[in-house]
Trainee: 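One structure follows; several queries about it will come next.
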Amino acid sequence: MTVRAGREFLAIPGPTTMPDEVLQAMHRPALDIYSTQMVELTESLLEDLSKLFATKGKSYIYIANGHGAWEATLSNVLSRGDKMLVLESGRFAIGWGQAAKAMGAEVEVLKGDWRRAIRAAEVEARLKQDKDHSIKAIVAVQVDTASGAYNDIEAIGKAIKATGHPALFMVDTVASLGCMPFEMDNWGVDVAMSGSQKGLMTPPGLGFVAANERAQAVHKKAGLRTPYWDWTEREGTEHYRKYAGTAPVHLLFALRKAIDMLKEEGLENAHLRHRLLGEAVRRAVAVWSEGQVLGFNIAEANERSNTVTTVTMKGHDPLALQRYCKEKCGVVLGTGIGDLSGQAFRIAHMGHVNAPMILGTLGVVEVGLNALGIPHGKGGTEAAIEYLGENVGA
Ligand SMILES: *Cc1c(COP(=O)(O)O)cnc(C)c1O
């Protein structure tokens, strides 16, 4: 017996649920890629992406996922043998570092912890030791989608600035752009990257990079440049060079619609919506945790992301819960990955999410916990409902 029918609901941190309007925006013929319409579409998107990153710097669109956008950042500013400092807070900055190592960079990991965010003071201390400025770039994620950590990029940017160290600061916003505030220029970030399929509600397949003037200056001498990723190539006069070939026309239609929807809602409101829905999830998890089996992976409340919550599970199999929710109820939870493989599940609350989706997901998790006899504090979904009732103004 199941109570699933119709559309399966993705509560995984990417790809996320796409609005029907975004899906429909793609249902039309391709554009003549030499037309004025095409040029204008590209220009409007590049301008809006720079606004989303909050930078005066240029943005670039790649036909790639987040891994591709990582490579784009590395190839444009690093040379073989350059040293890069990776700020660990889970899985994803480590992955960026692995790509850099494979490309010929020397990679040092500033040891972090899967249970907490990056400590700005530790970054500052490490940079102060680097007296001859051998570190050329520092990379961090704003949200680590595996651990659920939210890193205070502003504080890390300030700490870097305080040391006077010239390394480029590069930030991954794949799991946060459009969902949580990000201010590239104000926070001292030189290069930022993101992807289409998480907070930006667009199909997988587009990677975004923004670079400021400091990064553009380093780019001129970078030795790892290759034609596809190269920023200079993409500045060429012919329009096709913006994509190093044929434009991904339909994905661009989708992205245009998704950004228009964000504009219509208001970016600040989208951030607030994520804060409220994220907190609703946390209220539920806090109550479930009273059963001593479930718990927050991230120990400090202010280091938990508004886009994904990683819930640890002791002595029971999170995959069984995940399977139940998917196969019986049509809600797909994220699994634990990396160090948390087999020990956690994840609830995504990023992008096109609203109260029924979140309350429905929490309700289904509770159905699963009950059905599988996994001990948990009673009334988690009720706590989420109460929180929203008190905080979403009349
Ligand atoms: C998903 C994700 C990535 C990787 O993106 P892909 O599109 O899967 O290559 C990188 N960084 C973060 C923070 C992510 O959440």
Side-chain angles (χ1 to χ4, degrees), residues 10-18 52-53 60-75 84 86-100 102-103 109 112 114 117-118 138-153 156 169-180 182 184 189 191-210 228-229 248 251 254-255 258 274 278 297-298 303-310 332-341 344-351 353:
L10 294 182
I12 53 173
T16 61
T17 301
M18 288 176 278
L52 274 177
F53 283 118
Y60 302 91
I61 299 172
Y62 296 97
I63 302 165
N65 56 17
H67 284 71
W70 279 343
E71 227 170 288
T73 63
L74 301 167
S75 127
M84 185 168 107
V86 170
L87 311 183
E88 183 186 23
S89 61
R91 177 76 202 86
F92 284 91
I94 299 291
W96 202 353
Q98 284 164 343
M103 289 165 74
V109 175
W114 272 71
I118 298 159
I138 303 160
V139 302
V141 297
Q142 186 176 23
V143 169
D144 189 284
T145 326
S147 67
Y150 165 76
N151 289 309
D152 186 343
I153 298 301
I156 299 166
F169 184 27
M170 312 214 287
V171 177
D172 171 327
T173 68
V174 177
S176 49
L177 197 68
C179 310
M180 297 182 76
F182 181 75
M184 177 164 158
V189 176
V191 177
M193 53 75 60
S194 197
S196 53
Q197 80 278 22
K198 298 191 184 175
L200 295 178
M201 310 177 287
T202 299
L206 295 178
F208 313 118
V209 173
Y228 183 75
W229 305 119
L251 292 178
L255 180 65
H274 280 85
N297 178 55
I298 297 298
E303 296 181 346
R304 294 174 190 147
S305 167
N306 287 341
T307 56
V308 59
T309 299
T310 302
V332 189
L333 301 172
T335 47
I337 59 170
D339 285 12
L340 292 172
S341 178
F345 65 93
R346 294 177 296 160
I347 303 171
H349 29 94
M350 66 174 78
V353 286

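What you are looking at is a predicted structure, and each value in this text was computed from that prediction instead of being measured. Along the sequence shown, residues are numbered consecutively beginning with 1. Counting starts at 1 for both ligands and their atoms, in listed order.
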Trainee: Could you find the nearest protein heavy atom to atom 14 (C) of ligand 1 and give me its residue, atom name and distance?
Mentor: K198 NZ, 3.0 Å
Trainee: For ligand 1, is there an N or O atom under 3.5 Å from any N or O atom of G66?
Mentor: yes
Trainee: Who's the nearest protein heavy-atom neighbour of atom 11 (N) of ligand 1, and how far?
Mentor: D172 OD2, 2.6 Å
Trainee: Can you find a pair of side-chain heavy atoms, one from V143 and one from M350, that are under 4.5 Å apart?
Mentor: no
Trainee: Rounded to the nearest 0.5 Å, what separates atom CD1 in I337 from atom CZ in R91?
Mentor: 7.0 Å
Trainee: Do D144 and ligand 1 have an N or O pair less than 3.5 Å apart?
Mentor: no
Trainee: Checking a contact table here: which protein heavy atom is nearest atom 15 (O) of ligand 1, and how many Å away?
Mentor: T145 OG1, 2.3 Å
Trainee: Relative to the heavy atoms of V143, which atoms of ligand 1 are at a distance of less than 4.0 Å?
Mentor: 13 (C)
Trainee: Which of parallel (below 30°), tilted (30 to 60°) and perpendicular (above 60°) describes F182 and F53?
Mentor: perpendicular
Trainee: If we only consider heavy atoms of W96, is any one of them less than 4.0 Å away from an atom in ligand 1?
Mentor: no
Trainee: Check whether the side chains of T309 and H349 place a donor and an acceptor atom closer than 3.5 Å, and report yes or no.
Mentor: yes
Trainee: Students should be able to answer this: which protein heavy-atom is nearest to atom 9 (O) of ligand 1, and at what distance?
Mentor: H67 ND1, 2.5 Å
